[in-house]
Amino acid sequence: MKVLVIGSGGREHALVWKLSQSQRVDKIFCTPGNAGISEIAECLDIKTDDIGALVNFAKYEGIDLTIVGPEAPLTAGIVDAFVKEDRRIFGPDKLGAQLEGSKVFAKEFMLKYGIPTAEYKTFTSYLHAKEYIQLKGAPIVIKADGLAAGKGVFVAVSVEESIDALKLIIKERAFGSAGDKVIVEQCLKGEEASFMVLTDGKTFIPLATSQDHKTVFDNDKGPNTGGMGAYSPAPIITESLEADIMKNIIKPVIKGLAKERINYRGIIYAGLMICDGKPYVLEFNCRFGDPEAQPVLMRLDSDLFDALKAASEGKLKDIKLSWKNDASVCVVLTSKGYPGSYEKGKVIKGLDSLKNRDDLMVFHAGTSVDDKGFVTSGGRVLGVTALGKDIRSAKENAYQAIKKIHFDGMHYRKDIGDKAIRRKIKI
Ligand code: AMP
Ligand code: GLY
(Lines give C-alpha, C1' and ligand atoms only; values in the text may rest on other atoms or scores of the structure.)
(Ligands and ions follow the chains in the order given, each with its own letter.)
Protein backbone atom coordinates (compact mmCIF):
# COMPACT_ATOMS: atom_id res chain seq x y z
CA MET A 1 0.00 0.00 0.00
CA LYS A 2 1.08 3.57 -0.64
CA VAL A 3 0.68 6.20 2.05
CA LEU A 4 0.95 9.99 1.96
CA VAL A 5 1.58 11.87 5.22
CA ILE A 6 1.00 15.63 5.23
CA GLY A 7 3.12 17.82 7.51
CA SER A 8 6.69 18.49 8.59
CA GLY A 9 6.95 18.25 12.38
CA GLY A 10 8.01 15.77 15.01
CA ARG A 11 4.47 14.39 15.01
CA GLU A 12 4.73 13.59 11.30
CA HIS A 13 8.15 11.96 11.77
CA ALA A 14 6.64 9.76 14.50
CA LEU A 15 3.68 8.90 12.24
CA VAL A 16 5.94 8.04 9.29
CA TRP A 17 8.27 6.00 11.54
CA LYS A 18 5.39 3.99 12.98
CA LEU A 19 3.70 3.51 9.58
CA SER A 20 7.00 2.29 8.13
CA GLN A 21 6.82 -0.69 10.52
CA SER A 22 3.58 -1.95 8.97
CA GLN A 23 3.73 -5.08 6.80
CA ARG A 24 1.02 -3.52 4.65
CA VAL A 25 2.93 -0.34 3.82
CA ASP A 26 5.22 -0.52 0.79
CA LYS A 27 5.93 3.14 0.18
CA ILE A 28 5.50 6.36 2.18
CA PHE A 29 5.46 9.87 0.75
CA CYS A 30 5.54 12.91 3.00
CA THR A 31 5.01 16.53 2.13
CA PRO A 32 6.92 18.66 2.91
CA GLY A 33 8.57 16.41 5.53
CA ASN A 34 11.92 17.17 7.13
CA ALA A 35 15.47 15.78 7.16
CA GLY A 36 14.63 12.89 9.51
CA ILE A 37 11.53 11.92 7.58
CA SER A 38 13.48 11.91 4.31
CA GLU A 39 15.51 8.96 5.65
CA ILE A 40 12.42 6.72 5.66
CA ALA A 41 9.99 8.36 3.22
CA GLU A 42 10.09 10.20 -0.08
CA CYS A 43 9.62 13.89 0.70
CA LEU A 44 7.74 16.10 -1.76
CA ASP A 45 7.47 19.83 -1.99
CA ILE A 46 3.72 20.20 -2.36
CA LYS A 47 2.49 22.88 0.02
CA THR A 48 0.19 21.61 2.78
CA ASP A 49 -2.41 24.24 1.85
CA ASP A 50 -2.41 23.38 -1.86
CA ILE A 51 -5.35 21.01 -1.58
CA GLY A 52 -5.86 20.71 -5.34
CA ALA A 53 -2.25 19.61 -5.88
CA LEU A 54 -2.45 17.14 -2.99
CA VAL A 55 -5.60 15.53 -4.41
CA ASN A 56 -3.97 15.34 -7.85
CA PHE A 57 -0.84 13.75 -6.42
CA ALA A 58 -2.89 11.15 -4.51
CA LYS A 59 -4.81 10.32 -7.68
CA TYR A 60 -1.78 10.26 -9.96
CA GLU A 61 0.36 8.19 -7.58
CA GLY A 62 -2.50 5.89 -6.54
CA ILE A 63 -2.13 6.66 -2.83
CA ASP A 64 -4.17 4.21 -0.74
CA LEU A 65 -4.33 6.34 2.40
CA THR A 66 -3.52 9.99 3.09
CA ILE A 67 -2.91 11.01 6.71
CA VAL A 68 -3.13 14.65 7.69
CA GLY A 69 -0.82 15.79 10.51
CA PRO A 70 -1.56 19.49 11.16
CA GLU A 71 -4.88 21.26 11.67
CA ALA A 72 -4.72 23.90 8.91
CA PRO A 73 -5.42 21.60 5.92
CA LEU A 74 -8.22 19.95 7.90
CA THR A 75 -9.96 23.22 8.71
CA ALA A 76 -9.47 24.26 5.08
CA GLY A 77 -11.46 21.20 3.94
CA ILE A 78 -8.84 18.77 2.64
CA VAL A 79 -10.91 15.77 3.72
CA ASP A 80 -13.99 17.01 1.85
CA ALA A 81 -11.87 17.50 -1.29
CA PHE A 82 -10.36 13.99 -1.08
CA VAL A 83 -13.71 12.33 -0.34
CA LYS A 84 -15.28 14.13 -3.31
CA GLU A 85 -12.66 12.52 -5.54
CA ASP A 86 -13.13 9.14 -3.84
CA ARG A 87 -9.67 9.17 -2.26
CA ARG A 88 -9.20 7.56 1.17
CA ILE A 89 -8.03 10.07 3.82
CA PHE A 90 -7.66 10.06 7.60
CA GLY A 91 -9.01 13.16 9.38
CA PRO A 92 -12.26 14.98 10.10
CA ASP A 93 -14.08 16.94 7.41
CA LYS A 94 -14.20 20.74 7.38
CA LEU A 95 -17.16 20.95 9.72
CA GLY A 96 -15.65 18.45 12.19
CA ALA A 97 -12.34 20.31 12.16
CA GLN A 98 -14.23 23.36 13.43
CA LEU A 99 -13.89 21.78 16.87
CA GLU A 100 -10.33 23.11 16.67
CA GLY A 101 -10.73 25.78 13.99
CA SER A 102 -13.26 27.84 15.91
CA LYS A 103 -13.16 28.11 19.67
CA VAL A 104 -16.64 29.66 19.56
CA PHE A 105 -17.95 26.62 17.66
CA ALA A 106 -16.28 24.30 20.19
CA LYS A 107 -17.68 26.17 23.19
CA GLU A 108 -21.22 26.24 21.74
CA PHE A 109 -20.92 22.54 20.94
CA MET A 110 -19.84 21.80 24.53
CA LEU A 111 -22.69 23.85 25.95
CA LYS A 112 -25.22 22.13 23.70
CA TYR A 113 -24.05 18.62 24.58
CA GLY A 114 -23.38 19.16 28.29
CA ILE A 115 -19.59 18.77 28.13
CA PRO A 116 -17.81 20.27 31.17
CA THR A 117 -15.80 23.37 30.28
CA ALA A 118 -14.98 26.79 31.74
CA GLU A 119 -17.73 29.41 31.89
CA TYR A 120 -17.36 31.94 29.04
CA LYS A 121 -18.87 34.66 26.87
CA THR A 122 -18.25 35.48 23.21
CA PHE A 123 -17.66 39.04 22.00
CA THR A 124 -17.16 40.91 18.76
CA SER A 125 -16.99 44.33 20.42
CA TYR A 126 -13.94 45.55 22.30
CA LEU A 127 -16.01 47.70 24.67
CA HIS A 128 -18.46 44.96 25.62
CA ALA A 129 -15.62 42.51 26.23
CA LYS A 130 -13.77 45.08 28.33
CA GLU A 131 -16.87 45.71 30.48
CA TYR A 132 -17.26 41.96 31.03
CA ILE A 133 -13.60 41.59 32.04
CA GLN A 134 -13.94 44.45 34.50
CA LEU A 135 -17.02 42.78 35.96
CA LYS A 136 -15.33 39.36 36.27
CA GLY A 137 -11.84 40.48 37.37
CA ALA A 138 -8.57 38.54 36.99
CA PRO A 139 -7.20 35.96 36.50
CA ILE A 140 -9.12 35.51 33.27
CA VAL A 141 -8.48 33.91 29.90
CA ILE A 142 -8.79 35.67 26.53
CA LYS A 143 -8.93 33.60 23.35
CA ALA A 144 -9.06 34.51 19.68
CA ASP A 145 -11.74 32.42 17.98
CA GLY A 146 -9.77 31.07 15.02
CA LEU A 147 -6.45 29.36 14.41
CA ALA A 148 -3.52 31.45 15.61
CA ALA A 149 -0.62 28.97 15.56
CA GLY A 150 -1.01 28.38 19.30
CA LYS A 151 -0.52 32.08 20.07
CA GLY A 152 -4.13 33.22 20.39
CA VAL A 153 -4.71 32.28 24.05
CA PHE A 154 -3.80 34.61 26.91
CA VAL A 155 -4.03 33.54 30.53
CA ALA A 156 -4.07 37.01 32.07
CA VAL A 157 -3.17 37.50 35.72
CA SER A 158 -4.44 41.08 35.85
CA VAL A 159 -7.28 43.06 34.29
CA GLU A 160 -4.71 45.28 32.53
CA GLU A 161 -3.02 42.27 30.97
CA SER A 162 -6.34 40.88 29.76
CA ILE A 163 -7.32 44.21 28.23
CA ASP A 164 -3.95 44.33 26.46
CA ALA A 165 -4.70 40.90 24.99
CA LEU A 166 -8.14 42.08 23.95
CA LYS A 167 -6.65 45.12 22.20
CA LEU A 168 -4.10 42.95 20.44
CA ILE A 169 -6.79 40.64 19.10
CA ILE A 170 -9.69 43.01 18.33
CA LYS A 171 -8.07 46.40 17.69
CA GLU A 172 -4.62 45.56 16.35
CA ARG A 173 -5.97 42.45 14.64
CA ALA A 174 -2.76 40.56 15.41
CA PHE A 175 -4.39 37.31 14.26
CA GLY A 176 -6.40 38.78 11.38
CA SER A 177 -9.88 37.35 10.95
CA ALA A 178 -9.11 34.65 13.56
CA GLY A 179 -9.80 37.51 16.00
CA ASP A 180 -13.19 38.56 14.60
CA LYS A 181 -14.68 36.92 17.67
CA VAL A 182 -13.12 36.70 21.11
CA ILE A 183 -13.87 34.40 24.01
CA VAL A 184 -13.47 35.65 27.55
CA GLU A 185 -13.27 32.63 29.80
CA GLN A 186 -13.06 31.71 33.46
CA CYS A 187 -9.53 30.75 34.46
CA LEU A 188 -9.39 27.15 35.66
CA LYS A 189 -6.79 25.99 38.17
CA GLY A 190 -5.50 22.46 38.11
CA GLU A 191 -3.22 20.12 36.18
CA GLU A 192 -3.45 19.66 32.42
CA ALA A 193 -3.52 16.39 30.52
CA SER A 194 -4.06 15.39 26.90
CA PHE A 195 -6.63 12.75 26.04
CA MET A 196 -6.77 11.52 22.45
CA VAL A 197 -9.25 9.10 20.94
CA LEU A 198 -9.26 7.49 17.53
CA THR A 199 -12.73 7.47 16.00
CA ASP A 200 -14.61 6.63 12.82
CA GLY A 201 -17.61 8.60 14.05
CA LYS A 202 -19.24 5.55 15.66
CA THR A 203 -16.57 3.57 17.51
CA PHE A 204 -13.93 5.32 19.59
CA ILE A 205 -10.69 3.93 20.99
CA PRO A 206 -8.75 5.92 23.57
CA LEU A 207 -5.03 6.26 22.90
CA ALA A 208 -2.49 6.04 25.71
CA THR A 209 -2.73 9.13 27.92
CA SER A 210 -0.10 11.84 27.82
CA GLN A 211 0.90 15.19 29.23
CA ASP A 212 2.37 18.11 27.35
CA HIS A 213 4.66 20.87 28.74
CA LYS A 214 3.55 24.12 27.16
CA THR A 215 5.85 26.78 28.54
CA VAL A 216 9.38 27.33 27.32
CA PHE A 217 11.14 27.20 30.72
CA ASP A 218 11.24 24.73 33.61
CA ASN A 219 8.54 24.77 36.30
CA ASP A 220 5.96 25.99 33.78
CA LYS A 221 7.56 29.43 33.47
CA GLY A 222 7.79 31.69 30.43
CA PRO A 223 5.63 32.01 27.34
CA ASN A 224 3.60 29.15 25.87
CA THR A 225 5.06 27.18 22.97
CA GLY A 226 3.76 24.45 20.69
CA GLY A 227 4.99 22.02 23.36
CA MET A 228 8.43 21.49 24.93
CA GLY A 229 8.04 17.83 25.76
CA ALA A 230 5.54 15.18 26.74
CA TYR A 231 5.32 11.91 28.55
CA SER A 232 3.03 8.91 28.42
CA PRO A 233 1.21 7.57 30.35
CA ALA A 234 -0.06 10.54 32.38
CA PRO A 235 -0.51 9.15 35.91
CA ILE A 236 -2.92 11.99 36.74
CA ILE A 237 -5.43 10.12 34.56
CA THR A 238 -6.31 7.25 36.86
CA GLU A 239 -8.65 4.47 35.75
CA SER A 240 -11.62 6.13 37.41
CA LEU A 241 -10.77 9.52 35.89
CA GLU A 242 -10.47 7.87 32.46
CA ALA A 243 -13.94 6.37 32.95
CA ASP A 244 -15.24 9.84 33.88
CA ILE A 245 -13.62 11.39 30.75
CA MET A 246 -15.09 8.69 28.50
CA LYS A 247 -18.57 9.03 29.99
CA ASN A 248 -18.83 12.79 30.40
CA ILE A 249 -16.64 14.09 27.57
CA ILE A 250 -15.86 11.60 24.79
CA LYS A 251 -19.27 9.91 24.54
CA PRO A 252 -21.19 13.21 24.46
CA VAL A 253 -18.75 14.52 21.82
CA ILE A 254 -19.30 11.48 19.58
CA LYS A 255 -23.05 11.69 20.11
CA GLY A 256 -23.03 15.42 19.38
CA LEU A 257 -21.01 14.97 16.19
CA ALA A 258 -23.46 12.33 14.97
CA LYS A 259 -26.43 14.57 15.84
CA GLU A 260 -24.86 17.44 13.91
CA ARG A 261 -24.26 15.01 11.00
CA ILE A 262 -20.54 15.64 11.12
CA ASN A 263 -18.34 13.09 9.38
CA TYR A 264 -15.50 12.62 11.86
CA ARG A 265 -12.93 9.96 11.03
CA GLY A 266 -9.79 10.96 12.80
CA ILE A 267 -8.37 11.94 16.16
CA ILE A 268 -10.30 13.90 18.74
CA TYR A 269 -7.82 15.45 21.12
CA ALA A 270 -9.27 16.89 24.30
CA GLY A 271 -6.95 19.28 26.11
CA LEU A 272 -8.13 18.88 29.71
CA MET A 273 -7.73 20.70 32.99
CA ILE A 274 -8.19 18.38 35.93
CA CYS A 275 -9.65 20.48 38.73
CA ASP A 276 -10.13 18.71 42.08
CA GLY A 277 -10.27 15.38 40.30
CA LYS A 278 -12.85 16.51 37.70
CA PRO A 279 -12.01 16.90 34.00
CA TYR A 280 -12.88 20.10 32.08
CA VAL A 281 -12.19 20.67 28.39
CA LEU A 282 -9.88 23.62 27.65
CA GLU A 283 -9.79 22.98 23.93
CA PHE A 284 -10.28 20.38 21.26
CA ASN A 285 -7.76 19.60 18.57
CA CYS A 286 -8.76 17.70 15.47
CA ARG A 287 -5.45 15.82 15.03
CA PHE A 288 -2.64 14.13 16.97
CA GLY A 289 -0.93 16.39 19.51
CA ASP A 290 2.64 17.45 18.86
CA PRO A 291 4.73 16.47 20.85
CA GLU A 292 2.23 14.06 22.49
CA ALA A 293 2.18 11.82 19.38
CA GLN A 294 5.89 11.09 19.80
CA PRO A 295 5.80 9.32 23.21
CA VAL A 296 2.34 7.85 22.55
CA LEU A 297 3.34 6.28 19.21
CA MET A 298 6.60 4.98 20.76
CA ARG A 299 4.39 2.96 23.12
CA LEU A 300 2.02 1.62 20.48
CA ASP A 301 2.48 -2.09 19.75
CA SER A 302 -0.32 -2.41 17.18
CA ASP A 303 -0.12 -1.63 13.49
CA LEU A 304 -0.83 2.08 13.06
CA PHE A 305 -1.64 1.79 9.36
CA ASP A 306 -4.38 -0.80 10.01
CA ALA A 307 -5.91 1.39 12.71
CA LEU A 308 -5.92 4.63 10.71
CA LYS A 309 -7.14 2.91 7.55
CA ALA A 310 -9.96 1.22 9.48
CA ALA A 311 -10.97 4.57 11.00
CA SER A 312 -11.01 6.22 7.57
CA GLU A 313 -13.24 3.41 6.26
CA GLY A 314 -15.69 3.47 9.17
CA LYS A 315 -14.50 0.02 10.32
CA LEU A 316 -12.87 0.84 13.62
CA LYS A 317 -14.93 -1.75 15.47
CA ASP A 318 -12.60 -4.41 14.02
CA ILE A 319 -9.53 -2.80 15.63
CA LYS A 320 -7.93 -3.25 19.05
CA LEU A 321 -4.92 -1.25 20.11
CA SER A 322 -2.27 -2.66 22.42
CA TRP A 323 0.38 -0.67 24.24
CA LYS A 324 3.79 -1.39 25.71
CA ASN A 325 3.97 -1.39 29.50
CA ASP A 326 7.00 0.87 29.21
CA ALA A 327 6.62 4.59 29.80
CA SER A 328 7.91 7.14 27.32
CA VAL A 329 9.35 10.65 27.63
CA CYS A 330 9.92 13.09 24.76
CA VAL A 331 12.13 16.13 25.33
CA VAL A 332 11.98 18.81 22.64
CA LEU A 333 15.20 20.59 21.69
CA THR A 334 14.57 24.10 20.40
CA SER A 335 16.44 26.94 18.72
CA LYS A 336 17.53 29.81 20.96
CA GLY A 337 14.80 32.47 21.03
CA TYR A 338 11.86 30.14 20.32
CA PRO A 339 8.86 30.75 20.64
CA GLY A 340 10.03 34.21 19.52
CA SER A 341 12.39 34.75 16.61
CA TYR A 342 15.40 32.46 16.16
CA GLU A 343 18.24 31.80 13.74
CA LYS A 344 18.32 28.84 11.40
CA GLY A 345 21.10 26.85 9.75
CA LYS A 346 22.92 25.70 12.92
CA VAL A 347 24.79 22.44 12.37
CA ILE A 348 23.38 19.53 14.39
CA LYS A 349 25.98 17.06 15.69
CA GLY A 350 25.77 13.70 17.42
CA LEU A 351 22.71 12.12 15.82
CA ASP A 352 24.61 9.18 14.29
CA SER A 353 25.53 7.82 17.71
CA LEU A 354 21.85 7.53 18.63
CA LYS A 355 20.68 5.49 15.64
CA ASN A 356 19.28 1.94 15.59
CA ARG A 357 18.08 1.77 19.16
CA ASP A 358 14.78 0.14 20.12
CA ASP A 359 14.41 2.26 23.24
CA LEU A 360 15.15 5.64 21.68
CA MET A 361 14.06 7.70 18.69
CA VAL A 362 15.18 11.18 17.84
CA PHE A 363 12.22 12.57 15.93
CA HIS A 364 13.07 15.50 13.68
CA ALA A 365 10.92 18.63 13.49
CA GLY A 366 12.67 21.80 12.22
CA THR A 367 15.61 20.19 10.44
CA SER A 368 16.98 20.15 6.92
CA VAL A 369 20.12 18.89 5.22
CA ASP A 370 22.79 20.95 3.51
CA ASP A 371 26.43 20.34 2.59
CA LYS A 372 27.34 20.42 6.33
CA GLY A 373 24.85 17.67 7.18
CA PHE A 374 21.78 18.14 9.39
CA VAL A 375 21.02 21.78 10.19
CA THR A 376 18.28 23.53 12.16
CA SER A 377 15.40 25.03 10.16
CA GLY A 378 12.70 25.68 12.74
CA GLY A 379 11.90 26.62 16.34
CA ARG A 380 11.30 23.10 17.56
CA VAL A 381 14.21 21.14 16.13
CA LEU A 382 14.23 17.59 17.57
CA GLY A 383 12.14 15.48 19.93
CA VAL A 384 14.35 13.03 21.81
CA THR A 385 11.93 10.26 22.76
CA ALA A 386 12.90 7.39 25.03
CA LEU A 387 11.27 4.34 26.57
CA GLY A 388 11.92 3.11 30.10
CA LYS A 389 10.31 0.83 32.66
CA ASP A 390 8.72 3.89 34.24
CA ILE A 391 8.71 7.66 33.64
CA ARG A 392 11.82 8.12 35.77
CA SER A 393 13.94 5.73 33.72
CA ALA A 394 12.48 6.94 30.41
CA LYS A 395 13.40 10.46 31.50
CA GLU A 396 16.97 9.42 32.39
CA ASN A 397 17.29 7.64 29.07
CA ALA A 398 16.13 10.71 27.11
CA TYR A 399 18.41 13.13 28.96
CA GLN A 400 21.43 10.79 28.60
CA ALA A 401 20.86 10.80 24.84
CA ILE A 402 20.56 14.60 24.75
CA LYS A 403 24.11 14.86 26.14
CA LYS A 404 25.32 13.47 22.81
CA ILE A 405 23.48 16.09 20.68
CA HIS A 406 24.70 19.58 20.01
CA PHE A 407 23.77 22.64 17.98
CA ASP A 408 24.48 26.30 18.69
CA GLY A 409 21.78 27.83 20.90
CA MET A 410 20.20 24.46 21.74
CA HIS A 411 17.61 24.88 24.49
CA TYR A 412 15.46 22.33 26.30
CA ARG A 413 13.55 21.95 29.52
CA LYS A 414 15.23 19.84 32.20
CA ASP A 415 12.03 18.87 34.01
CA ILE A 416 10.03 16.85 31.47
CA GLY A 417 8.43 14.00 33.39
CA ASP A 418 8.94 15.45 36.87
CA LYS A 419 5.23 16.01 37.49
CA ALA A 420 4.55 12.33 36.86
CA ILE A 421 7.50 11.27 39.04
CA ARG A 422 6.35 13.52 41.91
CA ARG A 423 2.80 12.19 41.62
CA LYS A 424 4.04 8.58 41.85
CA ILE A 425 6.01 9.43 44.98
CA LYS A 426 2.97 11.10 46.56
CA ILE A 427 0.89 8.00 45.95
P1 AMP B 1 -5.61 26.25 24.25
O2 AMP B 1 -4.92 26.61 22.97
O3 AMP B 1 -7.05 26.61 24.31
O4 AMP B 1 -5.28 24.87 24.72
O5 AMP B 1 -4.90 27.11 25.37
C6 AMP B 1 -3.51 27.09 25.52
C7 AMP B 1 -3.17 26.95 26.97
O8 AMP B 1 -3.77 28.04 27.70
C9 AMP B 1 -3.74 25.70 27.64
O10 AMP B 1 -2.93 24.58 27.43
C11 AMP B 1 -3.75 26.15 29.07
O12 AMP B 1 -2.45 26.08 29.63
C13 AMP B 1 -4.16 27.59 28.99
N14 AMP B 1 -5.62 27.75 29.14
C15 AMP B 1 -6.56 27.75 28.16
N16 AMP B 1 -7.79 27.92 28.66
C17 AMP B 1 -7.65 28.03 30.00
C18 AMP B 1 -8.55 28.23 31.10
N19 AMP B 1 -9.87 28.38 30.91
N20 AMP B 1 -8.03 28.30 32.34
C21 AMP B 1 -6.70 28.17 32.55
N22 AMP B 1 -5.79 28.00 31.57
C23 AMP B 1 -6.25 27.92 30.30
N1 GLY C 1 0.83 19.91 22.14
C2 GLY C 1 -0.35 20.62 21.92
C3 GLY C 1 -0.88 20.55 20.56
O4 GLY C 1 -0.53 19.69 19.78
O5 GLY C 1 -1.70 21.39 20.23
Side-chain angles (χ1 to χ4, degrees), residues 7-17 34-37 69-70 149-151 192-194 196 210-232 234 269 271 285 287-299 327-344 346 348-351 354 360-368 374-388 391 394-420:
S8 62
R11 165 185 52 209
E12 287 75 21
H13 191 184
L15 285 166
V16 168
W17 167 78
N34 60 39
I37 293 174
K151 292 179 182 154
E192 287 183 56
S194 308
M196 295 185 274
S210 55
Q211 189 157 348
D212 189 11
H213 295 66
K214 292 248 151 115
T215 66
V216 70
F217 301 124
D218 286 13
N219 300 314
D220 296 336
K221 297 276 187 319
N224 272 346
T225 68
M228 293 297 292
Y231 56 78
S232 172
Y269 165 131
N285 293 325
R287 33 97 195 155
F288 285 98
D290 186 345
E292 291 95 324
Q294 290 86 310
V296 166
L297 293 176
M298 273 294 272
R299 296 186 58 222
S328 180
V329 169
C330 168
V331 181
V332 174
L333 312 184
T334 66
S335 298
K336 185 180 169 194
Y338 173 80
S341 58
Y342 51 83
E343 290 177 9
K344 298 179 184 176
K346 308 290 179 197
I348 305 168
K349 293 198 184 112
L351 296 182
L354 298 170
L360 185 97
M361 265 304 294
V362 180
F363 292 117
H364 289 228
T367 65
S368 55
F374 292 123
V375 293
T376 65
S377 64
R380 291 195 287 179
V381 177
L382 298 165
V384 180
T385 310
L387 291 170
I391 298 273
K395 178 189 168 188
E396 271 168 25
N397 205 359
Y399 282 101
Q400 279 300 328
I402 289 171
K403 285 188 189 156
K404 303 218 162 86
I405 303 174
H406 174 80
F407 54 87
D408 277 353
M410 178 170 118
H411 165 75
Y412 56 94
R413 279 179 62 158
K414 317 282 182 302
D415 64 343
I416 307 299
D418 284 358
K419 267 190 204 143

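One-based numbering along the sequence shown.
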### Summary
Separation between NZ (Lys414) and CG (Asp218), nearest 0.5 Å, reads 6.0 Å
### Query
Can you tell me if Tyr269 uses its side chain to pair, donor with acceptor, with the backbone of Gly289 under 3.5 Å?
no
### Query
Under 3.5 Å, side chain of Arg11 to main-chain N/O of Arg287, donor-acceptor pair present?
no
### Query
Distance from Glu12 atom CD to Asn34 atom CG, nearest 0.5 Å?
8.5 Å
### Message
Once rounded to the nearest 0.5 Å, what's the spacing between atom CZ of Phe363 and atom CG of Leu297?
### Response
7.0 Å
### Residues Val384, Ile405; criterion side-chain contact (heavy atoms from CB on, under 4.5 Å); working and verdict
CA-CA 10 Å; Val384 180; Ile405 303 174; 3.7 Å; yes
## Note on the structure
In short, Asn224 meets Pro339 closest at the heavy-atom pair O-CG, 3.6 Å
### Query
Is there a donor-acceptor pair closer than 3.5 Å between any side-chain N or O of His213 and the backbone N or O of Gly229?
yes
### Query
Does a donor on one side chain and an acceptor on the other come within less than 3.5 Å for Ser194 and Glu292?
yes
#### Entry: Residue pair Gly383 / Cys330: nearest heavy atoms and the distance that separates them
CA-SG, 3.9 Å
### Message
Test: salt bridge (Lys or Arg N to Asp or Glu O under 4.0 Å). Region: residues 220-230. Which pairs qualify, not counting sequence neighbours?
### Response
Asp220-Arg413, Asp220-Lys419
### Task
Mark yes or no for whether Gln211, through its side chain, and Glu192, through its backbone, hold a donor-acceptor pair below 3.5 Å.
yes
### Query
Quick one: are Thr225 and Val332 in side-chain contact, heavy atoms under 4.5 Å?
no
### Message
If I take atom CD1 from residue Ile37 and atom OG1 from residue Thr367, how far apart are they, to the nearest 0.5 angstrom?
### Response
8.0 Å
### Summary
Output for pair (Lys349 NZ, Asp408 CG), nearest 0.5 Å, gives 7.5 Å
### Message
Any side-chain to backbone donor/acceptor pair from His411 onto Val216? Under 3.5 Å, distance only.
### Response
yes
### Donor-acceptor contact present, side-chain Tyr399 to main-chain Ile416, <3.5 Å
yes
### Note, Thr334 side chain near Tyr342 side chain (heavy atom, < 4.5 Å)
no
### Query
Taking side chain as C-beta onward, heavy atoms only, is Pro291 less than 4.5 Å from Arg380?
yes
### Task
Find the distance between CH2 (Trp17) and CD (Gln294) and round it off to the nearest 0.5 Å.
10.5 Å
### Task
Could you walk me through whether Val375 and Lys344 pass the side-chain contact (heavy atoms from CB on, under 4.5 Å) test, one step at a time?
CA-CA 8 Å; Val375 293; Lys344 298 179 184 176; over 6 Å; no
### Message
Walk me through whether Met196 and Phe288 qualify under side-chain contact (heavy atoms from CB on, under 4.5 Å).
### Response
CA-CA 7 Å; Met196 295 185 274; Phe288 285 98; 4.2 Å; yes
### Task
Check Asp212, Ile391, Thr385, Asp418 against Tyr231 for a side-chain contact (heavy atoms from CB on, under 4.5 Å) and give me the one that passes.
Ile391
#### Entry: Considering all heavy atoms, the nearest Val331-Tyr412 contact
CG1-CB, 4.0 Å
### Summary
Scanning both residues in full, the closest heavy-atom pair of Ala394 with Gly388 reads CB-N, 3.6 Å
### Task
Determine yes or no for a side-chain-to-main-chain donor-acceptor pair under 3.5 angstrom, with Thr376 supplying the side chain and Lys346 the backbone.
yes
### Query
Within the distance-only criterion (no hydrogens, no angle test), does the side chain of Arg299 pair as donor or acceptor with the backbone N or O of Ser328 below 3.5 angstrom?
no
